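In what follows, every heavy atom counts, from backbone to side chain, and hydrogens, waters and symmetry copies are set aside. Worth saying up front: this structure is predicted, and the values here are computed from it rather than measured. In each ligand, atom 1 is the first atom listed, and ligand 1 is the first ligand listed.
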Amino acid sequence: MDDAYQPDLLADHHLVVTGGGTGLGRAMAERVAALGAAVTINGRRTEPLESTVADIRAAGGTAEGISCNVREPDAVAAFFEEAEERQGPVTALINNAAANFLAMAEDISPNGFDAIIKTNLYGSWYCTQQCGRRWLERETPGVVLSIATTYAETGSAFVLPSAMSKAGIVAMTRSLAAEWGQAGIRLNAVAPGPFPTEGAWDRLVPGEDIEQQMKQRIPARRFGEPEELADLAVFMLSDLSRYMNGEVVVFDGGEVLAAGGQFNDFTRLPRQQVKAMFEQMRPEK
Ligand code: HXC
């Protein structure tokens, strides 16, 4: 398939991707770099940063990797200093870095709660504030895309701190869309359903049976692919979506809606069987 995006669509951007060395962050970093953006990725571990940067460069893109724990405000401030020293003013941010694990809420320790809330909510805020301050001071536009999740709206059992933090990210997105909009700063979020990345799967999918059940919940009957999310991210970061602000785009193959519809479970049966069932229930003429 031809690329629907112009190859230089993001050429004027210096884009930061948190947690950009692995998973969805990596997919988005590679995609935006392929469309001309200079990319700076961060993460705690240097090895994934180095390999992602090497791959982006090998493909002809421009990338830097700087290790940074987004839970630490001073480290985040130092990261942005360094990123701008290396590649000039940052113009866009993807808040992607996320922590999560399955646990009974009553068992979660304070440290476990912190690990998730500080990475997801504090980390997104620290990075967003660093960008906002710069853009307001310089009177330049900017765009922030945060990765939320569908259960930021619905809540979910067994991932309480993640749900709380992602709901906070959505509130941040909507609040700052209003507060900073007149300065030409846009903030939006994507709410993905399950995407099979190593980090998420290792911690959130206990086995193959459960994986199959998860797939059956999705009308598309498949998980999303990181490249599909990256395509949406490009749209939301670029001027193609210049009038979109404060929006949360659900990107889940219809999973959340399908979970709410009273009779949607019938779709798991063969269609002919369901039709016969309906016919049988029809009153005689
Ligand atoms: C209970 C756990 C735990 C688990 C860690 N902790 N894993 N508690 N169950 N499975 C507790 C530890 O015991 C400790 O508390 C505290 O968390 C901190 O753990 P550390 O080992 O010190 O490591 P740290 O690196 O700080 O945090 C661990 C981590 C994080 C939260 C697991 O490394 C992480 O999430 N990495 C994965 C990154 C990733 O792939 N993210 C994608 C998420 S996908 P104590 O009290 O013992 O000191 C996602 C999408 C959801 O969120 C949407 C799906 C539909």
Which bit of [X] is near ligand 1, meaning a heavy atom under 4.0 Å away: side chain, backbone, both or neither?
X: K166; answer: neither
X: S109; answer: side chain
X: A115; answer: side chain
X: E198; answer: neither

Does the protein put a heavy atom less than 4.0 Å from [atom]?
atom: atom 21 (O) of ligand 1; value: no
atom: atom 46 (O) of ligand 1; value: yes
atom: atom 35 (O) of ligand 1; value: yes
atom: atom 28 (C) of ligand 1; value: no

From T52 OG1 over to I41 CD1, what is the distance, rounded to the nearest 0.5 angstrom? 4.5 Å
Within this structure, what is the OG-CE distance for the pair S146 and M236, rounded to the nearest 0.5 Å? 9.5 Å
Any N or O of [X] closer than 3.5 Å to N or O of ligand 1:
X: N111; answer: yes
X: S162; answer: no
X: I116; answer: no

Is the shortest side-chain N to carboxylate O distance from [X] to [Y] below 4.0 Å?
X: E82; Y: R86; result: yes
X: R26; Y: D55; result: yes
X: R31; Y: D3; result: yes
X: R174; Y: E247; result: no
X: K215; Y: E255; result: no
X: D265; Y: R268; result: yes

Can you tell which of T18, T128, T173 makes a side-chain hydrogen bond (donor to acceptor under 3.5 Å, both in side chains) with N95? T128
Considering only protein heavy atoms, which is closest to [atom], and at what distance to one decimal place?
atom: atom 39 (C) of ligand 1; result: A98 O, 3.3 Å
atom: atom 33 (O) of ligand 1; result: R44 NH2, 3.1 Å
atom: atom 1 (C) of ligand 1; result: F101 CE1, 3.4 Å
atom: atom 52 (O) of ligand 1; result: N100 ND2, 3.0 Å
atom: atom 53 (C) of ligand 1; result: T149 OG1, 3.8 Å
atom: atom 32 (C) of ligand 1; result: R203 NE, 3.4 Å
atom: atom 11 (C) of ligand 1; result: G112 CA, 3.8 Å
atom: atom 31 (C) of ligand 1; result: A99 CB, 3.6 Å

Quick one: list whatever passes ring-ring contact (aromatic ring centres under 6.0 Å, His included) with Y5, sequence neighbours left out. none
Under a 4.0 angstrom heavy-atom cut-off, which atoms of ligand 1 come close to G199? 40 (O)
Run the numbers for me: atoms of ligand 1, each under 4.0 Å from some heavy atom of R71, listed by number. 24 (P), 25 (O), 26 (O), 27 (O)
Partners passing side-chain contact (heavy atoms from CB on, under 4.5 Å) against F263 (at least two apart in sequence or in another chain): F266
Cut-off 3.5 Å, side chains only: do E64 and T40 have a donor facing an acceptor? no
Between T91 and H13, do the side chains contain a donor N or O and an acceptor N or O under 3.5 Å apart? yes
G23 heavy atom under 4.0 Å from ligand 1: no
Is the closest heavy-atom distance from Y151 to ligand 1 below 4.0 Å? yes
May I ask you to check whether W201 and F195 place their ring centers less than 6.0 Å from one another? no
